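In this text, all values refer to a predicted model and were calculated from it rather than measured experimentally. Values below: every heavy atom of this structure, side chains too, minus hydrogens, waters and symmetry copies.
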Amino acid sequence: STMVAHNVTAEELDNLPKARTFQGVALLSTSVNTGQLEGGYQINGATAAENNYYIDGVSTVSQIDGSARQNATFEYIQEVQVKTAGLEAEYGGALGGVVTAVTRSGGNDFHGEAHYYYYGNAISAGPVQRLQIDPLTGTSASLIQDAKQKSDNHEFGGSIGGPIVKNHLWFFSSISPRYLRQTNDYLFDNGKTPGSMSRKAYFQNWFNKISWDPTNRIRTNFTWLYTPQRLTGSLYAYDGMGSTYSTSDVATAAGSSTRGYHQPEQSYTAAADFTLSNTSLLSVKGGRYYLDYKEIGVPYRSYAWWRGSSIGMAGVPADLQKAFGYATPSAAQTLWDITTRTYAQADFSQFVKFAGTHNIKVGVGTTKNVNNVNISELGPDGRILLYWGQTCTSCVAPKTGTYGYYVVQDYAIKGSTGANINHFYIQDSWRILPRLTLNVGLRTEKETIPSFQRSIKDYAFRFGWGDKL
């Protein structure tokens, strides 16, 4: 068999040094690397966008870049499986690897835990030196050592599970909110004006599960994972020629003090396993993932961009006398960016003894992905280009005003579109000898991607059953 898989159980997770989310377990497997520039985890040389991540069967990958979106903390993870090669036909959309998290369930005894985690500037090292190019000359550079700034993360929570009706109905619940507080001190105006900027954030991770076994041959699970985020405040990167120097001014920094984002995120799953006989199993499951990213606290509806210098112009107020290229704080805003993924799946497994042993599996399923966006690239009221002291030569007739002329630009990304993906697969894990297993399978998909403007073109592209095998 060419399949390479690595299972990490709850007992191992308790004793391993690891990050807080299940995706980090992938690094414990061979042929797995990670990096910020690469966008996440690279498995067997594939890009980060070619992996798939599942929590209880729900795919939580980003529709934008393929990275993992929804996180699951280890307090409610029973097992993590990492498959890095020889993937079976049941897994689609993954040329790299598949990372699957299986959540915990309640039992006939009550169990629980409480936890607290801290990380931040109190126990971390200071920042590394930054290489800064002199913004005045553009030809010289220096290594700048910035001071250590305040950054505190506090995460606390707990979990509990147990019986509702012994031997038939159980529950499990886990909650783990995290609070972030950051403050950076600055010398704005490239070292002239002292000031500070702050950021605060709230990250929730709340998991609930109900398990119901009405008979010995039927097992069901229902889960809800709620992981919203909210962040307020901006922190500028240091970019001046001294420690904590910023080339921005205080007014610009104040305009960003309320900026942030709010991101409701949740997923639901329902699964039922029917044991038909000692050698056959039917599994039916479905789920839905929902994410709505929206930017908040943007104090402006428009912004201005100086396409000519107004310095020294008669009659222009002092606060409007700016050099060419000056711009007021951006009013760009994501009003909403909603992603949903809904799926249903049925799988049948049959164990057969013939010339060895066979685990034959057949499955059929459908997935609906939808993206509804309203992204105002220049602000709800657009961007104003100010051509101070200039004549509009592109107008029907050359025109100029008392101080020149202006142009208002307005464009946005708006629309809703979705993809329907239907699939069918059949696979066989044939164990010929104790040390020899042959995995064979076939998967086919039918996929349609509509365009954002269906009045112009109904679909962007589509694949038939015979196009993707």
Side-chain angles (χ1 to χ4, degrees), residues 6-25 28 53-60 68-82 99-118 154-179 202-229 264-275 281 283-290 345:
H6 179 207
N7 285 48
V8 184
T9 64
E11 291 75 18
E12 292 176 296
L13 292 173
D14 288 339
N15 297 315
L16 287 171
K18 57 190 179 298
R20 288 289 294 132
T21 57
F22 77 97
Q23 298 94 335
V25 176
L28 302 175
Y53 303 88
Y54 295 91
I55 303 176
D56 281 338
V58 175
S59 176
T60 60
R69 289 300 297 260
Q70 193 171 33
N71 288 323
T73 58
F74 287 105
E75 281 70 34
Y76 55 86
I77 296 298
Q78 179 65 36
E79 182 180 89
V80 177
Q81 183 183 69
V82 183
V99 182
T100 303
V102 179
T103 58
R104 296 187 180 189
S105 302
N108 281 331
D109 297 316
F110 287 97
H111 293 281
E113 59 83 29
H115 61 266
Y116 170 76
Y117 297 95
Y118 168 83
H154 301 275
E155 182 178 353
F156 58 90
S159 59
I160 186 171
I164 300 175
V165 177
K166 283 193 173 183
N167 299 319
H168 288 286
L169 187 63
W170 306 269
F171 79 95
F172 184 86
S173 182
S174 179
I175 189 169
S176 189
R178 177 167 66 92
Y179 298 88
Y202 169 73
F203 307 91
Q204 179 61 276
N205 208 296
W206 186 18
F207 173 76
N208 296 279
K209 186 174 187 178
I210 294 291
S211 302
W212 178 40
D213 294 357
T215 71
N216 291 333
R217 290 182 174 270
I218 301 176
R219 304 182 63 183
T220 65
N221 290 287
F222 307 90
T223 69
W224 174 46
L225 178 57
Y226 184 55
T227 55
Q229 301 179 20
E265 183 182 35
Q266 56 189 326
S267 61
Y268 312 84
T269 67
D273 295 329
F274 304 89
T275 303
L281 176 69
S283 297
V284 180
K285 58 186 177 182
R288 179 176 173 84
Y289 170 77
Y290 174 88
Q345 174 78 29

Going by side chain to side chain contact (heavy atoms under 4.5 Å, CB included), name the residues that satisfy it together with [X], two or more places apart in sequence or in a different chain.
X: Q266; answer: W224, Y226, Y268, Y290
X: H154; answer: Y116, Y118, D152
X: S211; answer: S105, W170, K209, N221
X: Y179; answer: F156, P177, R181, Y202

Checklist entry - Is there a side chain to side chain contact (heavy atoms under 4.5 Å, CB included) between T223 and L225 once you walk through the steps? => result CA-CA 7 Å; T223 69; L225 178 57; over 6 Å; no

Taking all non-hydrogen atoms of both residues into account, name the closest pair between [X] and [Y] and its distance.
X: F222; Y: A270; value: CD2-CB, 3.7 Å
X: A72; Y: I77; value: CB-CD1, 3.9 Å
X: T220; Y: A272; value: CG2-CB, 3.8 Å
X: S173; Y: W206; value: OG-NE1, 3.6 Å

Table please: side-chain donor-acceptor pairs of residues 212-219 below 3.5 Å, with sequence neighbours left out.
unit_1	atom_1	unit_2	atom_2	d
T215	OG1	R217	N	3.2
T215	OG1	I218	N	3.3
R217	NH1	T275	O	3.0

Under the ring pair (Phe, Tyr, Trp, His ring centres under 6.0 Å) test, which residues partner [X], sequence neighbours left out?
X: F74; answer: none
X: Y76; answer: F207
X: H115; answer: Y117

Checklist entry - Is a side-chain donor-acceptor pair under 3.5 Å present for T227 with E265? => result yes

Item to check | salt bridge (Lys or Arg N to Asp or Glu O under 4.0 Å) contacts in which one or both residues fall within residues 70-81, not counting sequence neighbours | outcome: R20-E75

Report the residues that fulfil side chain to side chain donor-acceptor pair (under 3.5 Å) with [X], sequence neighbours left out, ordered by chain and then residue number.
X: S267; answer: Q70
X: Q229; answer: Y261
X: S283; answer: D273

Checklist entry - How far apart are the C-alpha atoms of F171 and I160, what are their side-chain angles, what is the distance that settles it, and do they pass the side chain to side chain contact (heavy atoms under 4.5 Å, CB included) test? => result CA-CA 8 Å; F171 79 95; I160 186 171; 4.1 Å; yes

Checklist entry - From S159 OG over to R104 CZ, what is the distance, rounded to the nearest 0.5 angstrom? => result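 The distance works out to 6.5 Å.
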
Item to check | Spatial distance of atom CG (N71) from atom OG (S176) [nearest 0.5 Å] | outcome: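 So the CG of N71 and the OG of S176 are separated by 11.5 Å.
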
Checklist entry - After noting the C-alpha distance and the side-chain angles of T73 and E155, does the key distance pass the side chain to side chain contact (heavy atoms under 4.5 Å, CB included) rule? => result CA-CA 11 Å; T73 58; E155 182 178 353; 4.2 Å; yes

Next on the checklist: Could you go through T269 and I55, starting from their C-alpha distance and side-chain angles, then the distance that decides it, and tell me whether this counts as side chain to side chain contact (heavy atoms under 4.5 Å, CB included)?
Outcome noted: CA-CA 9 Å; T269 67; I55 303 176; over 6 Å; no

